[in-house]
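Below: one structure, written as structure tokens.
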Amino acid sequence: MEWRDANRMTALTDLTLAAMRDGLRARSFSAAELAQAHIAAVEAARPLNAFIVETPDHALKAAAAADAALARGEAGPLAGVPLGIKDLFATEGVQTTAGSKILEGFVPPYESTVTAKLFAAGAGMLGKLNMDQFAMGSSNETSAFGEVVSPWRARQPDGALSNRVLVPGGSSGGSSAAVAARLCAGATGTDTGGSIRQPAAFTGIAGIKPTYGRCSRWGVVAFASSLDQAGPMTRDVRDCAILLQAMSGFDPKDATSLDAPVPDWEAALTGDLRGVRVGVPREYRLDGIDPEIAAMWDAGLAWVKDAGATVVDVSLPHTKYALPAYYIVAPAEASSNLARYDGVRYGLRVNEGGSLDAMYEATRAAGFGPEVKRRIMIGTYVLSAGFYDAYYRQAQKVRTLIARDFARAWESCDVLLTPTAPSAAFSPGDKADPLAMYLNDVFTVPSSLAGLPAMSVPAALTATGLPLGLQVIGRPLDEAGVLNAGFALERAAGFAARPERWW
Ligand code: GLN
């Protein structure tokens, strides 16, 4: 390859999704060139283990179709944009595993609604992104296909890059790593209790979980159906708005899909927060909060004031019960959803020649990883006859109280501003105790239980050069308000850091 070509390819993978869209229309480059540049970046980044399967043919075919459509002047909004797809989305003819051995080799004969919408808008797929098994985890360590390595490395006091491996967050860790490493400008993620927002925060990118019901769950492998939501992960807020727009919309195939119009979210991005009341939930000021996280939060509050907002103190009194309630409700739903993996219909089958029951047991014992088994056992326990009232019913009541806390907060504010996670990225093995891992979800879980739109925006670097994110939570269906507050924060933060290439 000529040095000029190499530079051009890097320049193409550095573009935001909006810049790709506009450059393609201006014929500054072709969709085929764009796809090739990204395919090369994906191949060069294999040490990150971000993809479970690469699908260069899919990306090239979509690019050819996009170039033809662009020439005819009738290209869709995402024509020629190559994306990464989390391996939780069923993709027709392409292996879909949810990060688990139990689905290894499963090739869906159908397409999820969200990916079908993205492809209909002209996007191509570079591959299926690695993830925590069944989306259970916060670090990608539970993937059956090896952990994803963050493209970020901390800086040592002398400024040199440390060679200590960091996690990309989870469960959408393949998505966050791929977007941060410039393997794709955008990726799909899913968020049940923080799986879009926390990995976005860990890798210095933006991600939004829309209101529950905005994006169809049809064809998305189920974890906890009353919480699961799809959403985009991109390098900036504008790209989140563009991608979310293409992913959203009513779907009669999902009984919980919202029949609400999809506004033009990109048009809502003014960065003007005059008249907006930004709430600060006092219960999120945890004792012993990391001083760098507290400083970022204070900076965020100053930034929204500069953009014209007023800052108000609010109380969400049941916050401390959110994490325990989530870790009852989510495993309960998971235990029921995962009953379908029995070795009969799809995926792995371990048959040692015994009875049908023996086949079920052997298949599930071999196919599920330890975290998934832990969740199934917790879920089965909290739903069992003797314990249902003490755990599951109680957790459902707490969920209602948490939703009411937010509803009351909306009387005095329009959006809430909090940190996304209590720490920067950690290293694999640092949180070997499952409870320590669960605690990382403390700021993301309450809005999930309430079904609210929430996003993470890159806001600051730690002293060792690792990204931190701010979370904006909004009213039901007010993605426009969330995105616009995120846009104002992004502008003020001026976050321009990117991982230095070591792979
Ligand atoms: N980390 C949380 C969990 O393990 C959230 C995961 C998610 O949002 N999918 O359940």
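Just follow the structure's listing: the first ligand is 1, and inside any ligand the first atom is 1. Here the structure is a predicted model, which is why all the values come from computation and not from measurement.
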Check: [X] side chain, [Y] main-chain N or O, donor-acceptor pair, under 3.5 Å:
X      : Y      : value
Ser195 : Thr192 : no
Arg393 : Ala390 : no
Trp152 : Thr203 : yes

Euclidean distance, Trp265 CH2 relative to Ile208 CD1, rounded to 0.5 Å: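 Taking CD1 in Ile208 and CH2 in Trp265, the distance rounds to 7.5 Å.
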Pair Asp87 + Lys128: basic N to acidic O under 4.0 Å: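 Yes, charged N to carboxylate O under 4.0 Å.
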Option passing side chain to side chain donor-acceptor pair (under 3.5 Å) with Asp191 (candidates Lys209, Gln198, Arg197):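 With Asp191 as partner, side chain to side chain donor-acceptor pair (under 3.5 Å) holds for just one option, Arg197.
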For ligand 1, the residues whose heavy atoms come within less than 4.0 Å (ordered by chain, then number):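 Close residues (ligand 1, cut-off 4.0 Å): Ala135, Met136, Gly137, Ser138, Ser171, Asp191, Thr192, Gly193, Gly194, Ser195, Phe223, Tyr326, Tyr327, Arg375, Asp441.
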